[in-house]
Structure formats: C-alpha cells, structure tokens
Amino acid sequence: MSKFKAYKKRLKEAARDPKISVALKRAIESYRKNVEEALKRFPHTLKLAEEVRAIKEQSIPRMEELVGQACEAIQKNKGKAFLARTPAEALEIIDGIVGTGKLIVKGKSLTGEEIDLREHLEGRGNEVYETDLGEYIIQLLGIKPMHLTAPSIHVPKEDVAHLLSRVTGKKVPPDIAIEVATVRGILRDKFIRADIGMSGANVVAADTGTLFQIENEGNIRLSTSAPPVYIALVGMEKVVPTIEDAFKVAEVTWRFAGYTVPSYVNLVSGPSKTGDIEKVITYGAHGPKEMYVIFLDAGRSRLAQDTVFREALFCLRCGGCFYECPLFAVTAGHFGDKYFGGIGAIWTAFVTGDLADAAPLTYSCLSCGRCKVRCPVEIDAPQMCLELRKRIAEGS
Ligand code: SF4
Ligand code: SF4
C-alpha cells in the first residue's frame, strides 16, 4: 500500500473511533474554557503575543548567531554545548555522553521524538523512562503521542487502569487519583537511581544560556536536577536574544497552552554548584555535576532561509491550533506523524528533508483558517499548506 493510501486508511479509522472523538470533545471544551479564563485574568497576554511575534521575526533570521551566543554562554556557565546539523550527529554526541547500560529519566521532548531518541537509547542497551504522565502511558502502550502537550489525550482512565495493573501486577482501579499516585510510586525510584536526566526546552536565552521549561507535573524538575548528568536536546529555533525575551515567549506559550500559570517554570543555565566551603566553587552539589546542551538543526537552518515557510519556525508548540482544527477534532494525532496538523506539514517537509513526506498532511488540510486565528503568533499554516502543495507538485 502506498504511504498516502495507508495514511488515508489511518485517518478514516481514527475518524470512526468513538474513543478519539469523545476524548477530543472533552479536551477541546476544557481547553477553550481554560484559555478564555486565562486570557480574561491576564489580558495583557494578547499584547505580549504581538511582542513575541516580533521577537521571533528578529530571532529566526539570526538563528545561527544566537545559537552561537547561547553555546558560549552555556560554556561560560561550565556546561557543554554543541550544534548538531543532523539527527545522526545529535545521536552520536548523545551516545558519547551516555554510553550504554544506563538508567535514564526523560522529560517530554518533541525534538527527542523527531530523532527517535528513546528508541535509539533503548537500542543501545539503556533503560529509558518517559516521566511525563501522558508520555509514560504512551511508552507503555507502545504507540505514538497524539498531541504536543497532551500525548495520551485519547486514552481513557479505564485503559490506563488496565495498563497499570499489568505493570504493577496489582489491580489498579479506574480512579484517576489512584492512577496518578501509582505512576508517582513507580517513577520515584527511577528519578533517584537514574544515571542521566534528559529534557527539551521551551525557549532558550542566548545572553545567559538559560533553558526555560514549562511544566505542571514536576517531572522535568526532577529529571533535570536529581541525576548526576543532565542532557538537553533543543531545536535551534528556540533561541531568542535575551532572558527578558525568553520570559515573554514562556508566558505566551503557557497561556495559549491553556494554563493561567503553570505549576513550575524551570530555568537551567549550568551544572549545580556550591561555593559554601571556603568559597571554592565545586560542581555537583545537589543537582547534576555535568550539563550538556545539544542544539539540533535538522532542516531548521534551511527553513530559516526560506522566506515563504520561515514563519513555521515561530511556532511556540503551545498546541492551541489543534484544539481549533476540525480535522484534528476527529482524528487527533493521526493528522500527522511526529508533527501534527497544518503547522506539522511544514515541519515534516523540512525536518525530513523531503517535501513529499508532507504531502499526506498538506493535502488533508481543509484550508479553513481556524488554526491561524487561534495561533498566538498568527502563523499562516493554511496558506503555507497551499504553497507546499504547489512546491510538491512542481517537485522543487
Ligand atoms: S486550516 Fe488546516 S490545519 Fe488549520 S484548522 Fe483548518 S484544517 Fe486544520
Ligand atoms: S502553530 Fe501557533 S497555535 Fe499551533 S502550536 Fe504553533 S504557536 Fe501554537
């Protein structure tokens, strides 16, 4: 079966799956309510979103320079920073740090998904645990995530109970509070024993080399601070000039992700240190002694040079557009592969390096424009999808 036919079959099956439509209906209702409340309580967010668009407009054409600055800042902070041009290069750098036979705790990372990081590390004999609750469920089920910020959006509590009963060997009831406590119990021990912690970042400040991570569960906080070694994998497009810019990007991101305020915003600039004994700076106090940051290109610099598609790099990964997309509402993450929806079509085309890989996505976009209206940085994904169809047809 051709790729296109297989994709169409998956879409149709997903559209007929009542679990997906019920779960998405609930998620969409609650997302809209949450964003409305968040914007009502913090109305300055809309103005801030305009500023963020301007920050991205200035940052993306300077991406190479800003990543260079961020690397320098991280090195000054006694971390180590790298720029990987391809997924293979990134994996090679990570392999050099990790080795084999390690216990790894990992925060949710779309860039990690992009390069199949977990599968790669497991293939080299490491034990890897996704620590985001939704991502952990996805890992146990052996399926792909269905949303950027809510990967197990389509899995009901009954299925989670069944899964956790299998993992623990004890009967876990379909009670969400008990399910959450069960996962906490399983993962607590992994955080403490882990050799390495890994995560991505929502935004990075070039001037200070600070990584921002927005979260609610506290798993990123633990993954980035409990193990002795910390590795971050970050897309090049995440770097903005200053820490002040980064705060603005972070606030707009979490608000359009549906949070009035997230439980945690982690700022990580370097390894853990102390000067408390005789003022001698010593690394590895309570947090990691070693910190590594790998910036990933993988098509991003080519995208940054393309004036038609460049604005896809403005994406904050807030996930807001998916809750407005009529196709996503009935098919969830089946409208995409690693990247979803209209914006995902552009990302797929550039990160895979083959425009044709994005054909199924771009041809299934309905051009309704609803995603652009929701997008905090007004990314015109529908128009870009039409342009992409043109390029695919022209074979350029
Ligand atoms: S334009 Fe395409 S991607 Fe955007 S909301 Fe409509 S169908 Fe979804
Ligand atoms: S395209 Fe816009 S709404 Fe969608 S995830 Fe990116 S920033 Fe958010």
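Considering only heavy atoms from C-beta on, E217 stays 4.5 Å or farther from T131 through its side chain. Side-chain contact check for T282 versus I277: every heavy-atom pair is 4.5 Å or farther apart. Looking only at side-chain heavy atoms (C-beta outward), C368 and P382 stay at 4.5 Å or farther from each other. Looking only at side-chain heavy atoms (C-beta outward), K40 and E36 stay at 4.5 Å or farther from each other. Two residues are said to be in side-chain contact when any heavy atoms from C-beta on lie closer than 4.5 Å; V240 and V203 meet this criterion. At least one side-chain heavy atom of M236 sits less than 4.5 Å from a side-chain heavy atom of E64. A heavy-atom distance below 4.5 Å is not found between the side chains of I20 and T331. With a 4.5 Å cut-off on side-chain heavy atoms, H44 and R255 count as touching.
By the criterion of side-chain heavy atoms lying less than 4.5 angstrom apart, applied directly or through intervening Ile, Leu, Val, Met, Phe, Trp or Tyr residues, V128 is not grouped with I186; the two fall into different hydrophobic clusters. By the criterion of side-chain heavy atoms lying less than 4.5 angstrom apart, applied directly or through intervening Ile, Leu, Val, Met, Phe, Trp or Tyr residues, V308 is grouped together with I392 in one hydrophobic cluster. Each of I343 and Y363 belongs to its own hydrophobic cluster when Ile, Leu, Val, Met, Phe, Trp and Tyr are linked at side-chain heavy-atom distances under 4.5 angstrom. Under a hydrophobic clustering in which Ile, Leu, Val, Met, Phe, Trp and Tyr are joined whenever their side-chain heavy atoms come within less than 4.5 Å, directly or via other members, L303 and L66 fall into the same cluster. Criterion: ILVMFWY side-chain heavy atoms under 4.5 Å apart, direct or through other members. Under it, L211 and V249 are part of a common hydrophobic cluster.
Shown here is E244, whose CD atom has no more than 12 heavy atoms of other residues, nucleotides or ligands within 6.0 Å. No more than 12 heavy atoms of other residues, nucleotides or ligands sit less than 6.0 Å from atom CZ of R26. Within a 6.0 Å radius of NZ in K78, no more than 12 heavy atoms belonging to other residues, nucleotides or ligands are found.
S165 contributes atom OG, which lies 8.5 Å from atom CD of E179 (distance to the nearest 0.5 angstrom). In this structure, C375 SG and D380 CG are separated by 9.5 Å, a value rounded to the nearest 0.5 Å. The line from NZ of K190 to CG of L222 is 14.5 Å long, rounded to the nearest 0.5 Å. For the atom pair NZ (K372) and CD (Q383), the distance works out to 8.5 Å, reported to the nearest 0.5 Å. Taking CG of L355 as the reference point, atom NZ of K390 lies at 14.0 Å (rounded to 0.5 Å). Within the model, atoms CG of D306 and CD of E387 stand 9.5 Å from one another, a figure rounded to the nearest 0.5 Å.
No donor-acceptor pair closer than 3.5 Å links the side chain of N77 to the backbone N or O of G79. T362 contributes a side-chain N or O that, together with a main-chain N or O of C385, makes up a donor-acceptor pair within less than 3.5 Å. The backbone N or O of Y259 lies less than 3.5 Å from no partner atom in the side chain of N34, so there is not a single donor-acceptor pair. In terms of modelled atom types and a separation under 3.5 Å, the side chain of D245 and the main chain of T242 share a donor-acceptor contact. Side-chain atoms of N202 do not come within 3.5 Å of backbone N or O of L316 as any donor-acceptor pair. In this structure a side-chain-to-backbone donor-acceptor pair under 3.5 Å is present from N126 to L121. In this structure a side-chain-to-backbone donor-acceptor pair under 3.5 Å is missing from E215 to P262. With hydrogens and angles ignored, the 3.5 Å screen pairs a side-chain donor or acceptor of K238 with a backbone N or O of A201.
Heavy atoms only, all atoms of each residue included: A304 and I60 are closest at CB-CG2, 3.9 Å. Of all heavy-atom pairs spanning F191 and S223, the tightest one is CE2-OG, 3.5 Å. For I346 against A312, the heavy-atom pair with the smallest separation is CG2-CB, 3.6 Å. Considering every non-hydrogen atom in both A49 and V377, the closest pair reads O-CG1, 4.2 Å. Closest heavy-atom contact between G275 and I281: CA-CD1, 4.0 Å. Minimum interatomic distance between A345 and A358 (heavy atoms only, all atoms of both residues): O-CB, 3.2 Å.
Between F247 and F212, a ring centre-to-centre spacing shorter than 6.0 Å is recorded. Ring centers of F328 and F335: at least 6.0 Å apart, outside the cut-off.
In summary, of the residues considered (E119, E135, K108), a side chain to side chain contact (heavy atoms under 4.5 Å, CB included) with E113 occurs for E135 alone. Just one residue in the list F309, Y339, F314 forms a ring pair (Phe, Tyr, Trp, His ring centres under 6.0 Å) with W347, and that residue is Y339. Looking at T111, T348, D116 one by one, the single match for side-chain hydrogen bond (donor to acceptor under 3.5 Å, both in side chains) with K338 turns out to be D116.
Here E127 does not pair with R193 in a salt bridge; the nearest charged N to carboxylate O distance is not below 4.0 Å. Classification of E92 and R85 as a salt-bridged pair fails, no side-chain N sitting under 4.0 Å from a carboxylate O. Look at K56 and E237 and you find no salt bridge, because none of the NZ, NE, NH1 or NH2 atoms lies under 4.0 Å from a carboxylate O. One finds a salt bridge joining E51 and K248 here, because a Lys/Arg side-chain nitrogen approaches an Asp/Glu carboxylate oxygen to under 4.0 Å. In this structure, R118 pairs ionically with E130, as a charged nitrogen and a carboxylate oxygen lie closer than 4.0 Å. Note on E311 versus R53: salt bridge recorded, some NZ/NE/NH1/NH2 to OD/OE distance being below 4.0 Å.
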For this session: Evaluate the criterion side chain to side chain contact (heavy atoms under 4.5 Å, CB included) for residue pair M198 and S109; output intermediate values, then yes/no.
Result: CA-CA 9 Å; M198 284 186 167; S109 156; over 6 Å; no
Exercise. Would E13 and K9 satisfy salt bridge (charged side-chain N to carboxylate O under 4.0 Å, His left out), going step by step from the backbone distance to the final call?
Worked result: CA-CA 6 Å; E13 282 167 4; K9 187 168 171 280; 3.1 Å; yes
For this session: Verify side chain to side chain contact (heavy atoms under 4.5 Å, CB included) between D297 and E89, making sure each step is shown before the conclusion.
Result: CA-CA 10 Å; D297 182 342; E89 258 181 61; over 6 Å; no
Problem set entry | Derivation of the side chain to side chain contact (heavy atoms under 4.5 Å, CB included) call for F350 and L313 | CA-CA 11 Å; F350 282 83; L313 290 168; over 6 Å; no
Exercise. Yes or no on salt bridge (charged side-chain N to carboxylate O under 4.0 Å, His left out) for E29 and K25, after CA distance, side-chain angles and deciding distance?
Worked result: CA-CA 6 Å; E29 274 168 16; K25 188 169 176 289; 3.3 Å; yes
For this session: Test side chain to side chain contact (heavy atoms under 4.5 Å, CB included) on L296 and E114 and set out the steps.
Result: CA-CA 10 Å; L296 180 67; E114 184 184 316; 3.7 Å; yes
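Using modelled atom types and a 3.5 Å distance limit, the side chains of S225 and Y230 yield no donor-acceptor pair.
Figure legend: cation-pi geometry between R374 and Y323 absent, as NZ or CZ is not positioned both under 6.0 Å from the six-membered ring centre and within 45° of its axis.
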